[in-house]
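Notes follow once the structure below has been shown.
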Amino acid sequence: MEKIVLISGASLGIIAIVLGAFGAHAFKKILPEDKMASFEVGVRYQMYAALYLLIIGSLLDFDSTSEKWAYYGVFYGVVLFSGSIYLLSFKEHWKAEGLRFFGPITPLGGLFMIVGWLALLISFL
């Protein structure tokens, strides 16, 4: 499981760097300032999650359920959280009103990340 967590962390980190670069250059030209700010929040939280996963992947054995949930919560949480923010940032540009569906997904992703951090705390206790 450690290898899966490390690969997940490295992959999220790579994607965050790529999206951050696109955001700083290409997307700034097409997204309004408020949407760009939201996009940057998604990238920032994705990078936090990447670093978190690299750290726990290096330190934990994932023998307990709480250690496994420390991974699942943060990984799936950031996919939902940042992924929905990315899509919602482009909703107006793409004229895709159907993407409004992703609005409630963002806080759900945040909740998953909280669960992941809480599970990590429980594993320490």
Side-chain angles (χ1 to χ4, degrees):
M1 175 122 188
E2 293 94 336
K3 191 170 186 172
I4 291 170
V5 176
L6 291 171
I7 290 169
S8 298
S11 298
L12 286 176
I14 291 166
I15 294 166
I17 294 294
V18 170
L19 289 175
F22 273 103
H25 301 288
F27 299 159
K28 261 193 177 162
K29 297 174 185 172
I30 62 173
L31 291 178
E33 192 173 318
D34 63 323
K35 299 299 180 188
M36 193 65 229
S38 293
F39 185 87
E40 289 170 351
V41 167
V43 171
R44 186 169 52 248
Y45 273 75
Q46 183 171 331
M47 184 55 77
Y48 294 156
L51 295 172
Y52 168 96
L53 293 177
L54 291 172
I55 292 168
I56 69 166
S58 298
L59 299 178
L60 301 181
D61 295 328
F62 300 96
D63 293 333
S64 70
T65 302
S66 60
E67 288 179 347
K68 290 175 185 167
W69 271 100
Y71 164 68
Y72 295 132
V74 169
F75 178 77
Y76 291 112
V78 79
V79 167
L80 294 173
F81 180 83
S82 293
S84 64
I85 287 176
Y86 300 148
L87 291 171
L88 289 168
S89 295
F90 282 92
K91 182 181 73 149
E92 292 169 10
H93 178 73
W94 291 335
K95 297 175 180 42
E97 286 302 313
L99 291 178
R100 267 193 300 176
F101 163 79
F102 287 99
I105 302 295
T106 307
L108 181 62
L111 179 61
F112 270 71
M113 287 191 287
I114 292 167
V115 166
W117 278 96
L118 183 59
L120 181 63
L121 175 61
I122 290 168
S123 76
F124 293 153
L125 296 174

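Within the 4.5 Å cutoff, no side-chain heavy atoms of Tyr48 are placed close to those of Val78.
Smallest separation of non-hydrogen atoms from Pro107 and Pro104: CD-O, 3.3 Å. Between Val43 and Ala16 the shortest heavy-atom distance is CG1-O, 3.5 Å. Between Leu54 and Ala10, the shortest heavy-atom contact is CD2-N, 3.7 Å. Closest approach of Ala119 to Ser66, counting heavy atoms only: CB-O, 3.3 Å. Of all heavy-atom pairs between Leu19 and Gln46, the closest is CD1-OE1, 4.3 Å. Gly110 and Phe81 get closest at one heavy-atom pair: N-CD1, 3.9 Å.
Distance check, rounded to the nearest 0.5 Å: CD1 of Ile7 to CG of Leu53 gives 12.0 Å. A distance of 8.5 Å separates CD of Glu67 from CZ of Phe124, quoted to the nearest 0.5 Å. Distance check: Phe102 CZ to Leu80 CG gives 9.5 Å after rounding to the nearest 0.5 Å. Once rounded to the nearest 0.5 Å, the distance linking CD1 of Ile114 with CG of Leu118 reads 9.0 Å. Distance check: Phe39 CZ to Leu87 CG gives 10.0 Å after rounding to the nearest 0.5 Å. Between the CG atom in Leu108 and the OH atom in Tyr76 there is a gap of 14.0 Å [rounded to 0.5 Å].
Linking Ile, Leu, Val, Met, Phe, Trp and Tyr whenever their side-chain heavy atoms come within less than 4.5 Å puts Trp117 and Val115 in one cluster. Residues Met113 and Met47 fall into different hydrophobic clusters, defined by Ile, Leu, Val, Met, Phe, Trp and Tyr side chains chained together at heavy-atom separations under 4.5 Å. Leu60 and Ile4 fall within a single hydrophobic cluster, where Ile, Leu, Val, Met, Phe, Trp and Tyr are joined by side-chain heavy atoms under 4.5 Å apart, directly or via other members. Taken together through direct or relayed side-chain contacts under 4.5 Å among Ile, Leu, Val, Met, Phe, Trp and Tyr, Tyr72 and Leu6 form parts of separate hydrophobic clusters. No single ILVMFWY cluster, assembled from side-chain heavy atoms under 4.5 Å apart, contains both Leu121 and Trp69.
For Phe112, the CZ atom counts as loosely surrounded, since its 6.0 Å shell holds 12 or fewer non-hydrogen atoms of other residues, nucleotides or ligands. Dense packing is recorded around OH of Tyr52, with more than 12 heavy atoms of other residues, nucleotides or ligands lying under 6.0 Å away.
Under the 3.5 Å distance criterion, the side-chain polar atoms of Tyr86 are matched with a main-chain donor or acceptor of Gly42.
Between Trp94 and Phe90, the two ring planes are parallel [angle under 30°; tilted spans 30° to 60°]. Using a 30° and 60° split on the angle between ring planes, Phe62 and Tyr71 fall in the perpendicular class, above 60°.
In this structure, a donor-acceptor pair under 3.5 Å is absent between the side chains of Ser89 and Ser38.
A side-chain contact (heavy atoms from CB on, under 4.5 Å) with Val5 is found for one member of Lys3, Met1, Glu2 and no other, namely Met1.
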